[in-house]
Each structure stands twice: as C-alpha cells, then as structure tokens.
Amino acid sequence: MMTERSEIVLCTQNLGKHYVQRRPLTRAKFTVQAFQDVDLSIHRGTTLAIVGESGAGKSSLARCLALLEAPTQGEIWCDGRNLLLLRESELFPIRRKVQLVFQDPASALNPRFTAGEIVAEPLLIQRIGTKTQQRERALGLMEQLGLPPKWERKFPFEFSGGQRQRLAIARALALEPKLLVFDEILSNLDLANQEIILQLLNELQRAHSLTYIHVCHDLRIVSRIADEVAVMHAGRIVEQKPATELFANPGDPHTKELFEAMPSLEMIAAGRST
C-alpha cells in the first residue's frame with residue numbers, strides 16, 4: 001500500500017493530448033481533445049486504476065504515459081527528468097522502465113514470431129545479453145506466467161486468448177520495467193482467465209515491487225486490485241482517492257453514476273444462473 005515515504009516512479013503535471021482530424025467532405029481541420037490537465041503521481045509498488053466511461057480519454061492517457069504517443073502539453077517526470085524534453089536517443093534507455101500491455105493481444109503480437117521470439121524481442125531491440133541469455137530470460141518469464149517453456153516454438157494463433165495475454169505480459173516484463181500500464185487487458189477474457197491473470201500479477205507485484213496502472217471499466221475488478229483510483233470524465237480527472245475511500249464515499253456525480261451502473265452481486269449471480 002502507498003505511504004508518504006514511497007518512491008514516486010512517475011508523475012505528470014498539466015498533461016494533455018489532442019488530435020487534429022479532418023472532416024470527411026470539406027477536409028477542414030478540427031481538434032479533438034482526448035484529455036487535459038492531468039496531474040498524477042504513481043508510487044512504487046502500488047496499483048493505480050484509471051476508470052471512466054468509454055471516450056473519457058483513458059486509453060489515450062495510457063499511451064502517453066507509456067511514451068507511445070507524445071502529449072501536446074504538460075510534463076512527464078521520471079528519475080528527476082522531464083521525459084518530454086529529452087531527445088529520442090536519451091529516451092531509448094528510459095523506455096524499458098515503462099511498458100504498456102494492450103487490450104487485444106492478438107493484434108499486439110507479431111503473428112510471424114514464435115512465443116520465445118516475442119518475449120525475447122525487447123531484449124534484442126535494447127541489445128541486452130547474448131542470444132542464449134535472451135532465450136533463457138524469455139523461457140523463464142514464460143514459465144512464470146504459466147506458459148510451459150516447451151511452447152516456445154508455438155505461434156500466437158496456437159494460444160488461447162488468456163494465454164496470448166499472458167504472453168504479452170511476459171514480453172512487457174522482459175526489460176524489468178518499473179511501471180506496467182495495462183489497457184483494459186481483462187475486458188476480453190472470461191472470468192476464469194481474469195482470475196488467473198490477476199493472481200499472477202499480484203504475485204509478480206509482491207515479488208518485485210512492481211508498479212501498475214490499470215485502465216479498467218470493471219469496478220468489481222478495481223475494488224480488488226487498486227490502491228488508488230482516478231475517475232475520468234470528458235478528458236479530465238474529476239476525482240482521485242485511495243480505493244477504500246472512494247468506494248466508501250464517492251464524491252463526484254460522475255463517480256456516483258459509474259457506481260450506479262455497476263452490476264450488483266445479485267445481478268451477477270442471476271446472470272450466471274441463466
């Protein structure tokens with residue numbers, strides 16, 4: 001759990017992102033604001049959940065935090081440096097510290113690579129270790145994520161959805177990152193696979209003091225995994241509190257709407273019995 005003394009792994013100040021698009025017929029440009037004025041501090045060994053309705057800006061924020069997209073305003077700080085002021089050559093070694101796991105592993109994994117090649121690829125790109133060391137690291141991570149090393153020559157299409165997601169997590173762990181950003185990684189999985197992945201992530205976090213950001217719409221999952229919750233609406237964070245406090249006393253009207261839309265335990269049980 002987060003304490004006052006815990007290390008801040010990454011923080012943002014006044015972060016914002018907009019996209020310039022064109023109208024279909026006139027080709028006139030217009031601006032779409034994905035998110036704006038986001039201030040976050042993510043502490044080592046904790047889990048921050050970012051929740052909100054579809055279109056709130058959660059996934060765009062996740063991509064910016066993972067440095068896959070450049071924000072249009074604000075600052076991202078890590079290791080005492082504003083990452084947005086660094087040249088690409090300076091960012092290259094820092095990228096290994098923050099890794100993003102996408103919602104759909106089928107589209108995120110190279111279909112021409114074997115499982116072993118997929119997990120070892122980040123080590124190859126970052127030029128870490130020999131080929132033998134890269135393979136050993138990849139097989140070790142596969143085993144940690146419940147994927148037998150003998151499957152190293154399988155291709156992504158030979159895995160189930162849950163197994164592909166575990167393969168994507170193994171790849172993200174290859175570089176020993178400080179922060180993992182998960183973009184709705186459980187939303188396409190059944191309850192059994194959700195439980196397997198949640199247990200694995202919990203074990204990994206405890207063993208390695210990993211820091212997680214979960215972009216998630218399922219408040220039942222959020223209530224189990226989050227130390228702190230940030231609620232987004234229309235591109236802004238409208239409320240941010242420790243998870244226990246937020247669930248006990250949601251303050252913002254948009255947070256209350258999310259809670260009201262969350263299925264009750266009775267509704268879940270009824271749905272399972274039909």
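As the structure is a computational prediction, the values presented were derived from the model and not from experiment.
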Ser223 and Arg220 have their tightest heavy-atom pair at OG-O, 2.7 Å
CG (Leu48) and CG (Asp227) are apart, to the nearest 0.5 Å, by 9.0 Å
task: Name the orientation class of the two ring planes belonging to His254 and His233 (parallel below 30°, tilted from 30 to 60°, perpendicular beyond 60°).
output: parallel
| query | Any side-chain heavy atom of Thr47 within less than 4.5 Å of one from Leu201? | reply | no
Value for NE2 (His214) from CD1 (Ile50), rounded to nearest 0.5 Å, stands at 11.0 Å
- Message: Please evaluate residues Ile8 and Trp77 with respect to the criterion side chain to side chain contact (heavy atoms under 4.5 Å, CB included), reporting the C-alpha separation (whole Å), side-chain torsions for both, the decisive distance (0.1 Å), and the verdict.
- Response: CA-CA 9 Å; Ile8 294 178; Trp77 289 83; over 6 Å; no
(Q) Run Glu195 and Arg224 through salt bridge (charged side-chain N to carboxylate O under 4.0 Å, His left out) and show every step you take. (A) CA-CA 11 Å; Glu195 190 63 30; Arg224 291 180 54 192; 2.9 Å; yes
CG of Asn249 to CD of Glu245, rounded to nearest 0.5 Å, is 7.0 Å
With a 4.5 Å heavy-atom cut-off, do Val101 and Arg171 have their side chains touching? no
- Run the numbers on Arg137 and Glu176 for side chain to side chain contact (heavy atoms under 4.5 Å, CB included), then give the verdict. CA-CA 11 Å; Arg137 170 74 173 154; Glu176 298 182 334; 3.2 Å; yes
Under 4.5 Å between any side-chain heavy atoms of Ser187 and His217, yes or no?
-> yes
So, Gln134 side chain and Ile128 main chain: donor-acceptor pair closer than 3.5 Å or not?
yes
Rounded to the nearest 0.5 angstrom, the CD-CG distance for Gln99 and Leu210 is 11.5 Å
Exercise for the section: Please lay out, stage by stage, how Leu145 and Leu200 fare under the test side chain to side chain contact (heavy atoms under 4.5 Å, CB included). Expected result: CA-CA 7 Å; Leu145 270 298; Leu200 286 168; 4.0 Å; yes
To the nearest 0.5 Å, atom CD1 of Ile185 lies from atom CD of Gln165 at 5.0 Å
Mind listing the side-chain donor-acceptor pairs of residues 56-65 below 3.5 Å, one per line with the distance, residues two or more places apart or on another chain?
unit_1: Lys58; atom_1: NZ; unit_2: Gly52; atom_2: O; d: 3.0
unit_1: Lys58; atom_1: NZ; unit_2: Glu53; atom_2: O; d: 3.1
unit_1: Ser59; atom_1: OG; unit_2: Asp183; atom_2: OD1; d: 3.0
unit_1: Ser59; atom_1: OG; unit_2: Asp183; atom_2: OD2; d: 3.1
unit_1: Ser60; atom_1: OG; unit_2: Tyr19; atom_2: OH; d: 3.2
unit_1: Ser60; atom_1: OG; unit_2: Arg63; atom_2: NH2; d: 3.4
unit_1: Arg63; atom_1: NE; unit_2: Glu69; atom_2: OE2; d: 2.8

Exercise for review: Take Asp79 and Lys178 through the test salt bridge (charged side-chain N to carboxylate O under 4.0 Å, His left out) and record every step on the way to the result.
Suggested key: CA-CA 11 Å; Asp79 290 343; Lys178 288 185 175 183; 3.0 Å; yes
Members sharing Leu85's hydrophobic cluster, built from side-chain contacts under 4.5 Å between Ile, Leu, Val, Met, Phe, Trp and Tyr, are none
Closest non-hydrogen atoms of His43 and Ser41, given as atom of the first, atom of the second and distance, are CD2-O, 3.7 Å
Between Gln36 and Gly16 (side chain of the first, backbone of the second, donor and acceptor by atom type, cut-off under 3.5 Å), is there such a pair? no
**N-O pairing of Glu152 and Arg135 below 4.0 Å** = yes
When hydrophobic residues are tied together by side-chain contacts of less than 4.5 Å, even through go-betweens, does Leu219 share a cluster with Ile225?
-> no
message = Within the structure provided, determine whether Ile94 and Arg81 are in side-chain contact (heavy-atom separation under 4.5 Å).
response = yes
In the structure I gave you, are the side-chain heavy atoms of Asp218 and Leu186 within less than 4.5 Å of one another anywhere? no
When Leu67, Val181, Val9 are each screened for side chain to side chain contact (heavy atoms under 4.5 Å, CB included) with Val98, the one that passes is Val181
* Asked: Side chains of Leu139 and Val119: closer than 4.5 Å at any heavy-atom pair?
  -> no
Phe157 and Phe155 aromatic ring geometry - parallel, tilted or perpendicular at 30°/60° bounds: parallel
In this structure, CD of Gln205 is separated from OH of Tyr212 (nearest 0.5 Å) by 5.0 Å
_Ionic contact status for Glu88 with Arg95, cut-off 4.0 Å_ = yes
* Answer yes or no: is there a side-chain heavy-atom contact under 4.5 Å between Val222 and Val229? => yes
Shortest non-hydrogen pair, Met142 vs Ala115, comes out as CE-CB, 4.0 Å
Q. Is there a path from Leu109 to Ile197 through hydrophobic residues (I, L, V, M, F, W, Y) whose side chains come within less than 4.5 Å of each other?
A. yes
For Pro250 and Thr255, the nearest pair of non-hydrogen atoms, with its separation, is CB-CG2, 3.6 Å
Requested in this report: Before giving the answer on side chain to side chain donor-acceptor pair (under 3.5 Å), spell out for Glu228 and Thr46 the whole-Å C-alpha distance, their side-chain angles and the decisive distance to 0.1 Å.
Outcome: CA-CA 8 Å; Glu228 190 159 343; Thr46 65; over 6 Å; no
If hydrophobic clusters are built by linking Ile, Leu, Val, Met, Phe, Trp and Tyr wherever their side-chain heavy atoms come under 4.5 Å apart, do Trp151 and Ile196 end up in the same one?
yes
- Shared hydrophobic cluster for Ile42 and Leu15 (ILVMFWY, side-chain gaps under 4.5 Å): yes
Residues Leu40 and Ala230: closest non-hydrogen pair is CD2-CB, 4.3 Å
Does Leu25 form a side chain to side chain contact (heavy atoms under 4.5 Å, CB included) with Arg23? I'd like the steps, not just the answer. CA-CA 6 Å; Leu25 297 178; Arg23 301 191 184 281; over 6 Å; no
Note: Ile118 and Pro156 closest approach over all heavy atoms is CD1-CG, 3.6 Å
- More than 12 non-hydrogen atoms from neighbouring residues, nucleotides or ligands closer than 6.0 Å to CD on Glu158, yes or no? yes
Cluster link Phe35 to Leu83, ILVMFWY, side chain under 4.5 Å: yes
